[in-house]
Amino acid sequence: MTSRTSYMILVLAMLLGAVLGGLLGYAAPSFMLSVAVIGQLFIGALKLILVPLIVSVIVVGIASMGDLRRLGRASRLTILYFLGSSAAAVIVGICLTYIIKPGQAYANTVTLSYEKANEAVNTGISELFSAFAPINIFQSIAQGHYLGLVVLSILFGAVLATMGKRARVVVDFFKVISEAALKLVPVVLYAAPVGLFIVVGSAIATDPDSITQLGGNLGWLGLTLLSGILIHGLIILPLILKLTSGQLPGRLAGNLSSALITAFGTGSSVVSFPVTYAGVIEKHRVDNRAGALVLPLGTMINLNGTAMYLSIAAIFVAQLAGVSLSMVDLVILGLLSIVLSFGAAGVVSPVTGPFMLAMLMGAINYPVATG
């Protein structure tokens, strides 16, 4: 059996595990909740690989670039792509929200609260900046916020690039760590079908009735977001890939199928980063120096789906309240959605997510209560 065949069998097993987990989570929620700890062990295993892999691949990749002027050019192009792809996601989200109008039929049901909006602005902005430069980086990592670690690793690699031969022993040290971490990824992936089965199943089991309550405004909101993700993921991003590299998106999607399924099952691009990096570097054969800059940074700040969700949700709430937004409001809303998504890896959570939405509404002078 070839390695390609083995990989496809593994991908199909992961997909089947996620689907069966969702079905059993709805049919037998008590059972899935009783074994949920096994799914947490799977996510924990990926997180264990995450920190050494992020640090080592960034340090080695950046230090190997040598000329810091080259690093500057690569960084500018990377950020330009992040901004462009996020802007495209926001534009798609805004257009779809006005086409589908998920909240229009439920006008005048939302209350105002300037106090909540002000609290959101203060909380969200402080956490946004602290995500890039945390006061306690170890505490930040323990809380699942890795953006500060990425920034530190980039700066450390850039300094090593200026030290020439003196830094070779340090770079070699991190190179061995990255190779060892990558060898652990396939080991964890063999447990992925069972892990995703339990992770998805326990997530559904937490609130099985939510599946039968997808009608009404929330159902239309979900349809709007899903439509936007499909348009962005199946049309816009493949078009960018074709225009910039001449590659067919099907090959890249095949090499990253395990990463896509892992991200879907765990709900986190950060947790699935080890699988993503292995797919891009080892299967798709991308230069590890480019991957060292683009992949970790993109995982943390290039969150197109988050930018799209924030813009859609803000307009949805405005439609619920029967408020019309001007073109200037939409431009401000779109720009702020992009900015917030750049720090979302260290900000978004069940607690702070509503605050970010309130920040958007406050920016267009319509602060909405978040709870």
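On a predicted model such as this, the values are computed, not experimentally measured, just so you know.
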Q: Report yes if the side chains of Val294 and Val286 come closer than 4.5 Å at any heavy-atom pair, otherwise no.
A: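 In short, these two side chains do not touch, never coming nearer than 4.5 Å.
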
Q: Quick one: do Leu239 and Ile91 end up in the same hydrophobic cluster if we chain Ile, Leu, Val, Met, Phe, Trp and Tyr together by side-chain heavy atoms under 4.5 Å apart?
A: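 Per the 4.5 Å side-chain linkage, Leu239 and Ile91 are not co-clustered.
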
Q: For the CD1 atom of Ile198 and the OG atom of Ser34, what is their distance to the nearest 0.5 Å?
A: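 Reported to 0.5 Å precision, the distance equals 9.0 Å.
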
Q: Is the shortest heavy-atom distance from the side chain of Leu196 to the side chain of Phe42 under 4.5 Å?
A: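 In short, these two side chains touch, coming nearer than 4.5 Å.
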
Q: Would you list the pairs meeting salt bridge (charged side-chain N to carboxylate O under 4.0 Å, His left out) in which at least one residue belongs to residues 168-196, sequence neighbours left out?
A: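 Those involving residues 168-196 are Arg168-Asp172.
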
Q: Using atom types as modelled and distance alone, determine if a side-chain donor or acceptor of Thr162 lies under 3.5 Å from a backbone N or O of Val159.
A: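 A pair under 3.5 Å: yes.
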
Q: Report yes if the side chains of Leu182 and Val57 come closer than 4.5 Å at any heavy-atom pair, otherwise no.
A: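 No, every pair of side-chain atoms sits at 4.5 Å or beyond.
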
Q: Once side-chain hydrogen bond (donor to acceptor under 3.5 Å, both in side chains) is applied, do any residues pair with Thr97, and if so which ones, sequence neighbours excluded?
A: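 For Thr97, no residue satisfies side-chain hydrogen bond (donor to acceptor under 3.5 Å, both in side chains) once neighbours in sequence are set aside.
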
Q: Any link between Ile43 and Leu260 through a network of hydrophobic side chains (Ile, Leu, Val, Met, Phe, Trp, Tyr) touching at under 4.5 Å?
A: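 No; tracing contacts between hydrophobic side chains, which count when under 4.5 Å, never links both residues.
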
Q: Using every non-hydrogen atom in the two residues, find where Met308 and Ala89 come nearest and quote the distance to one decimal.
A: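 That closest heavy-atom pairing would be CE-O, 3.4 Å.
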
Q: Grab the two heavy atoms, one from Ile177 and one from Ser56, that are nearest each other, plus how far apart they are.
A: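 Here Ile177 and Ser56 meet closest at CG2-CB, 3.9 Å.
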
Q: Taking OH in Tyr98 as the centre, count heavy atoms belonging to other residues, nucleotides or ligands within less than 6.0 Å. Is the count above 12?
A: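 Correct, the count exceeds 12.
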
Q: Looking at CD1 of Ile54 and CD1 of Ile58, how far apart are the two atoms once the value is rounded to the nearest 0.5 Å?
A: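 Answer rounded to 0.5 Å: 6.5 Å.
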
Q: With heavy-atom distances below 4.5 Å as the criterion, would you say the side chains of Val280 and Asn255 are in contact?
A: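 A side-chain contact under 4.5 Å is absent here.
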
Q: What are the two closest non-hydrogen atoms of Val185 and Ala278, and how far apart are they?
A: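 Closest pair (atom of Val185, atom of Ala278, distance): CG1-CB, 4.1 Å.
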
Q: Same cluster or not: Ile94 versus Met327, using hydrophobic residues (I, L, V, M, F, W, Y) connected whenever any side-chain heavy atoms lie under 4.5 Å apart?
A: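 No, Ile94 does not connect to Met327 through the hydrophobic network.
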
Q: Considering only heavy atoms from C-beta outward, does the side chain of Asn302 approach that of Ser85 to under 4.5 Å?
A: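 Answer yes - side chains close enough.
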
Q: Enter the distance from Cys95:SG to Ile312:CD1 here, rounded to the nearest 0.5 Å.
A: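 Between atom SG of Cys95 and atom CD1 of Ile312 there are 10.5 Å.
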
Q: The criterion is ring pair (Phe, Tyr, Trp, His ring centres under 6.0 Å); which residues satisfy it with Tyr277, sequence neighbours excluded?
A: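 Residues passing ring pair (Phe, Tyr, Trp, His ring centres under 6.0 Å) with Tyr277: Phe273.
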
Q: Quick one: closest heavy-atom pair of Leu303 and Gly298, and the distance?
A: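 So the minimum-distance heavy-atom pair works out to CD2-O, 4.4 Å.
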
Q: Is the shortest side-chain heavy-atom distance between Leu24 and Phe197 below 4.5 Å?
A: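 Contact flag for Leu24/Phe197 side chains = yes.
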
Q: Would you name the heavy atoms of Ser258 and Thr262 that are closest together and state the gap between them?
A: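 Distance-wise, the nearest heavy atoms are O-OG1, 2.7 Å.
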
Q: Taking all non-hydrogen atoms of both residues, which atom of Ala205 and which atom of Leu33 are closest, and how far apart?
A: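 Heavy atoms only, the tightest pair is CB-CG, 3.8 Å.
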
Q: Are Phe173 and Val171 linked, directly or through intermediate hydrophobic residues, by side-chain heavy-atom contacts shorter than 4.5 Å (ILVMFWY only)?
A: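 Yes; tracing contacts between hydrophobic side chains, which count when under 4.5 Å, links both residues.
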
Q: Distance from His232 atom NE2 to Asn304 atom CG, nearest 0.5 Å?
A: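 Reported value, rounded in 0.5 Å steps: 3.5 Å.
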
Q: When rounded to the nearest 0.5 angstrom, what distance separates CG in Leu336 from CG in Leu310?
A: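 It comes to 8.5 Å.
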
Q: For residues Val331 and Leu96: do they belong to one hydrophobic cluster (side chain heavy atoms under 4.5 Å, members Ile, Leu, Val, Met, Phe, Trp, Tyr)?
A: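 No, Val331 does not connect to Leu96 through the hydrophobic network.
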
Q: Would you give the length of the straight line joining atom NZ of Lys47 to atom CD of Gln40, rounded to the nearest 0.5 angstrom?
A: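 Separation between the atoms: 7.5 Å.
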
Q: Please tell me if the side chains of Tyr81 and Thr244 come closer than 4.5 Å, counting only heavy atoms from C-beta onward.
A: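 No. Closest side-chain heavy atoms not under 4.5 Å.
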
